[in-house]
Amino acid sequence: MNVITRFQESFLQRISEPLLGDREISLWIRREDLIHPEISGNKWWKLSGNLQEILDKSSSPTLLTFGGAYSNHLYATASACAELGIPCIGIVRGEIPEPRNATLTFASDKGMELVSVSRSEYRNNAQISEKYQRIIPNLYVVPEGGTNEAAVLSCTAIVDDRMKEMNYVCVPAGTGGTMAGIIGGMENHGVVLGFSALKGDFLSEEVNGLLKKAFPERDLKHWRMITDYHHGGYARISDELIAFIQSFYGAHGILLDPVYTGKMMFGIYDMIRRDLFPAGSSICAIHTGGLQGWNGIRERYGIDPTSF
Ligand SMILES: *Cc1c(COP(=O)(O)O)cnc(C)c1O
C-alpha cells in the first residue's frame, strides 16, 4: 500500500559469535522490526491485506478491532489508520488504566476511539461487532491480533528467495497467523519453527486450521511448533529472559521485544546449545518487531531497555 510512507525494505542481518561458529551454524535475522517506526513488523504485513480489502470495498470505511491494554496490534492499527485516513475503534479488553498507559495514549493520540469492555464481554466479540455494525455503516471488523485469512495470505510475502534456501525459518507465534503465512510462503522449502509466546500446545491446531482455510489445495507439512520457551505464559517474563535480551543487545545491537522475539531467540540459542540443530544448518529468525511491548514491561516490572 504505497499511500503509507516511511517504509523501509527489510533485510537479512548475519549474526556472528563463537557459539555459532563452533557448530558451523549460520544465523540470520530478518529485520522486519525496521520497516516502519510505528507500524511494527508482522502487524503491518497482517494489516496490509485487510486494509487493501477495506479500501477496495468502500470509500468511507470504519475499522473496528480488538486488543489488550498493551497490544502491538492496536498500536499498529491506530498508526496505519491515521496515515490512511480510516476512522477506527479499538475495543480494549478490561479496564482502560487511568492515567492511560503509553500504548493506549499513543493509539488515542492517533485518533483511535478506545472502548473498554469487561473481560467476559470481550470474549463475545461477535456480539460486540454486531452491535457496532448496526449503528456504523461500512464497518469492517478485524479480529484480535489481526489474524484472519487475508492476514495469513499477505504474510506469505515476508518470504523471499534467500529465506527459501534456509534450513530453518523461525518465527514467534501468538495467534499463529504470521507463522501460517510464512509456511505458505516457504512452499515446503526448509522447516518453519514457530516459538509459542503462550503456555500450552493448542497453537499447532490453530495453525492447522489457518493453513486449511488460506491454502486449502496445498499440503504444507514442513513446520513445527516449539512450546518450551513461554517463560511462564503470555507477557510473563523471567530473569533469565531479560538477561538474555540484554546480552544479545550488548553483543549485536539488536533489541528484541520481551513478549515475542526475545522468547524466540532465547529458544533458538538454547536449542543451538543443546545441539538440536545439525551442524552446518542455516537458520533465519524473523524479528517481527513489537518493541512498543516494552511499555508494558516498563510499567509493570520497572525494566527499561534503554538502560541496557
Ligand atoms: C503479534 C506479534 C506476534 C505474533 O503474531 P501472530 O500472527 O499472532 O502469531 C509475533 N511477534 C510480534 C512482535 C507481535 O507483535
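Atoms within each ligand, like the ligands themselves, are counted from 1 in listed order. Index from 1, following the sequence.
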Next item on the list: With heavy atoms only and a cut-off of under 4.0 Å, state how N72 meets ligand 1: side chain, backbone, both or neither.
Entry: side chain

Next item on the list: Starting from atom 3 (C) of ligand 1, find the nearest protein heavy-atom neighbour and note its residue, name and distance.
Entry: N42 ND2, 3.3 Å

Checklist line | F7 and H36 aromatic ring geometry - parallel, tilted or perpendicular at 30°/60° bounds | finding: tilted

Checklist line | Atoms in ligand 1 with a heavy atom of T175 nearer than 4.0 Å | finding: 6 (P), 7 (O), 8 (O), 9 (O)

Checklist line | Minimum heavy-atom distance T288-S40, with the two atoms named | finding: O-OG, 3.5 Å

Check: Which residue pairs satisfy the side-chain hydrogen bond (donor to acceptor under 3.5 Å, both in side chains) criterion with at least one member in residues 181-198, sequence neighbours excluded?
Finding: K164-E187

Show me the donor-acceptor pairs, under 3.5 Å and distance only, between side chains in residues 65-81 and residues at least two apart or in other chains.
| residue | atom | partner | partner atom | Å |
| --- | --- | --- | --- | --- |
| T65 | OG1 | H73 | NE2 | 2.7 |
| T65 | OG1 | V142 | O | 2.6 |
| T65 | OG1 | P143 | O | 3.4 |
| Y70 | OH | E299 | OE1 | 2.9 |
| S71 | OG | H73 | N | 3.1 |
| S71 | OG | L74 | N | 2.9 |
| N72 | OD1 | Q292 | NE2 | 2.6 |
| H73 | ND1 | T77 | OG1 | 3.4 |
| T77 | OG1 | H73 | O | 2.6 |
| S79 | OG | E38 | OE1 | 2.8 |

Checklist line | Shortest protein heavy-atom distance from atom 11 (N) of ligand 1, along with the residue and atom involved | finding: T288 OG1, 2.7 Å

Margin query: Testing the basics here: between K46 and G145, what is the closest heavy-atom pair and its distance to 0.1 Å?
Written below: NZ-O, 2.8 Å

Margin query: At under 4.0 Å between heavy atoms, is it the side chain or the backbone of K46 that contacts ligand 1, or both, or neither?
Written below: side chain

Notebook entry, point to check: With a cut-off of 4.0 Å, which atoms of ligand 1 are near a heavy atom of G289?
Noted result: 13 (C)

Check: For ligand 1, is there an N or O atom under 3.5 Å from any N or O atom of T261?
Finding: no

Next item on the list: Pull out every atom of ligand 1 sitting under 4.0 Å from any heavy atom of G290, numbered as shown with elements.
Entry: 13 (C)

Check: Any idea which atoms of ligand 1 are less than 4.0 Å away from a heavy-atom of A173?
Finding: 9 (O)

Next item on the list: For residues S26 and W28, report the shortest heavy-atom separation together with the two atoms involved.
Entry: OG-NE1, 3.5 Å

Notebook entry, point to check: Which of parallel (below 30°), tilted (30 to 60°) and perpendicular (above 60°) describes F195 and Y229?
Noted result: tilted

Item checked: Subset of ligand 1 atoms that lie under 4.0 Å from at least one heavy atom of K43 -> 1 (C), 2 (C), 3 (C), 14 (C), 15 (O)

Next item on the list: List every atom of ligand 1 that sits less than 4.0 Å from any heavy atom of G176, numbering the atoms from 1 in the order shown and giving each element.
Entry: 6 (P), 8 (O), 9 (O)

Note to self: Is it true that, when you exclude E98 itself, more than 12 heavy atoms of the residues, nucleotides or ligands shown sit nearer than 6.0 Å to its CD?
What the structure shows: yes

Check: Between the candidates G174, C155, G41, which shows the shortest non-hydrogen contact distance to atom 9 (O) of ligand 1?
Finding: G174

